[in-house]
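Order of listing sets the numbers, starting from 1, for every ligand and every atom in it.
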Amino acid sequence: MTTHSNQRHPKGLAVLFATEMWERYNYYGMRAILVLFMTKALLFSKEFSSHLYGGYTSLVYLTPLVGGYIADRFWGNQRSIIIGGLVMALGEFILFFCGSTYASDPQLSTFLFFTGLGFMISGNGFFKPNISALVGQMYPKGDSRIDSAYTIFYMGINVGGALGPFICGLVGDTGNPADFKWAFLAGGIGMLLSVLIQYLFHKKYVKDPSGNTLGLTPAAAPGWTKNLLITVSGLAVFATISAGLLYMDSGLAKINHWGFNIGGIEIGTSLLTNLVFLLSASIITIALIVFTDKTLSKLEKSKVLVIFTVSFFVVFFWSAFEQAGASLTFFADEQTNRDLGFFVVPASFFQSLNSIFVVTLAPFFAWLWVKLGKNDPSSPTKMAIGLFLLALGYLWIAFGVSNVQPGIKVSMIWLVGMYAMHTSGELCLSPIGLSLVNKLAPLKFASLLMAVWFTANAFANYLAGALSSLYPDGGVAKNIMGYSIHNNYDFFMLFVVMAGTAALILFFLSRKLQNLMKD
Ligand code: GLN
């Protein structure tokens, strides 16, 4: 076992690294081909696929609220990770069957599609919050190695994030829609590998500083919570609700007249169809719980206000950033010249770029913050810089497509350069924001306020889908708040304006936020 004074990391970090790496491989590998599968195999329109992508990724960030709660009270982290992982693997295998039946039995394959996504959503809810929580628990409180442990863990995320689109793209994104199923299968196998690593090595290596295994089932958990039948039925219900929410939100429920009518209000097809209601309700509930708490001091409340404010701004970041899995993949597929002469780069490969840049650029940013020393910008200022870099990335690609006739493909350099700038933005905003939330949250509400951060991600992903549906397609102009989109240039400029404006406002607010945080 590694001790406090020893600068080496505990072996458990390698276990968590490998578990997370294979899970992210599964998630991002599947995501890399998701919209391509929807448009080329299921023959959904780009607009519809974009909405569905937004609904799916949004729910993926919302379910950790449930998974974290159940782990804390009933299952503990390890059980939750293993169960969540198995549920996700099952989701991938269901999608494999969906990919095998879409031509012969479209109705069955649509059913399998929503079911598979429901399993992916609910499984992730148990996996993601629990694995992230374990990393810090292996060290004594305040240990100087914790930051570097999370940096190493973030590398694990991104090694998986780079491998997934690469391997799943290679086997699934071949130009023949019948091959997409292999990507789901490859993702599912990776997920099983993650579970196996966790199952074999967790108990032995993932320990707290005094040598006790972490994340075991809480002793106070009632016996019935471990009952297999109850667990399986509970998970089936959770996956069904997730799939149902996605289905209702997609609008298909309306088309198929699904739902019921209470006193003239159509439940299921209109009132609850929009996930935005669910997301808003989550945020408002959390805000009410925290701000009405009488035990919190004025200073603690003003720190919480900072958390809510920066979470609001990150919505603008991720909703533009997460175009990667939707409109930017359509752009890679249709508008980018991917022919290298000896090899045509699959469109899905471009989703690896973000992770590749994280791994290569992160050391530079770590060095930069140290180098700046006393002149190191404040956290909100760094986040404003992150938004600015994101806007710059879109400006770069907007420049690349300006005056290009529709149908003419542009060089890959535009997407590659844009992803480099987007990733630089991510490195200024994401780890900084996360540790800011950790630092500012009163202990009593630590997990709940982490949930605000996750819910901001959920909001952002939902918005990402909605914005991706504005991707110019078929020469028809699309409008948003008086802004008309006729071509790719107009589309990319929308993100320049959105992220640029958010960057400016946050930049001007940062001094005020700093004052609110002062002890
Ligand atoms: N790429 C990181 C992950 O998958 C962070 C994504 C995010 O916070 N939106 O964990």
Side-chain angles (χ1 to χ4, degrees), residues 16-17 19-32 34 53-54 56-65 67-68 81 84-85 88 120-121 123-125 127-135 150-165 187 190-191 194 279 310-311 313-326 328 350-362 365 383 386-387 390 419 422-438 450-465 499:
L16 299 179
F17 181 103
T19 310
E20 174 74 346
M21 183 191 102
W22 284 113
E23 185 277 330
R24 289 287 94 183
Y25 156 89
N26 138 82
Y27 177 77
Y28 283 113
M30 178 272 196
R31 203 190 80 163
L34 184 61
Y53 163 86
Y56 165 66
T57 51
S58 162
L59 281 167
V60 156
Y61 278 102
L62 198 63
T63 49
L65 299 190
I81 291 167
M88 268 193 278
M120 294 289 286
I121 292 164
N124 181 73
F127 193 101
K128 188 80 166 150
N130 289 302
I131 189 106
S132 319
L134 282 174
V135 177
Y150 273 104
T151 308
I152 295 170
F153 184 72
Y154 208 68
M155 291 295 147
I157 289 179
N158 285 290
V159 174
L163 268 181
M191 192 62 248
S194 158
L279 297 168
V310 295
S311 299
F313 281 94
V314 300
V315 170
F316 295 95
F317 183 87
W318 293 119
S319 57
F321 183 93
E322 298 291 10
Q323 293 304 311
L328 291 171
F350 286 83
Q351 286 194 52
S352 281
L353 286 170
N354 166 237
S355 286
I356 293 172
F357 282 127
V358 168
V359 176
T360 47
L361 296 177
F365 279 93
M383 295 174 78
L387 271 158
L390 181 80
Y419 276 121
H422 283 190
T423 309
S424 305
E426 174 186 358
L427 290 167
C428 291
L429 174 134
S430 178
I432 278 102
L434 204 61
S435 72
L436 188 69
V437 175
N438 264 309
M450 205 60 208
V452 171
W453 182 260
F454 274 124
T455 313
N457 261 292
F459 248 116
N461 277 275
Y462 193 83
L463 196 59

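Contacts of T19 classified as side chain to side chain donor-acceptor pair (under 3.5 Å), with partners at least two apart in sequence or in another chain: Q198.
Expressed to the nearest 0.5 Å, how far OH of Y53 lies from CD of Q323 amounts to 7.0 Å.
M120 has its side chain out of reach of R31: every pair of non-hydrogen atoms, C-beta onward, lies at least 4.5 Å apart.
A donor-acceptor pair is defined here as one N or O able to donate and one able to accept, closer than 3.5 Å; such a pair exists between the side chain of S352 and the backbone of A162.
Judged by the 6.0 Å distance and 45° axis criteria, R24 is positioned over the aromatic ring of Y27.
Ring geometry, F317 versus F321: the interplanar angle falls under 30°, so the pair is classed parallel (tilted spans 30 to 60°).
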Between ligand 1 and the protein, give all atom pairs where both partners are nitrogen or oxygen and the distance is under 3.5 Å, as lines of names plus distance to 0.1 Å.
| unit_1 | atom_1 | unit_2 | atom_2 | d |
| --- | --- | --- | --- | --- |
| ligand 1 | 1 (N) | Y28 | OH | 3.1 |
| ligand 1 | 4 (O) | R24 | NH1 | 2.7 |
| ligand 1 | 4 (O) | Y28 | OH | 2.6 |
| ligand 1 | 9 (N) | Y61 | OH | 3.2 |
| ligand 1 | 9 (N) | N457 | OD1 | 2.9 |
| ligand 1 | 10 (O) | K128 | NZ | 2.7 |

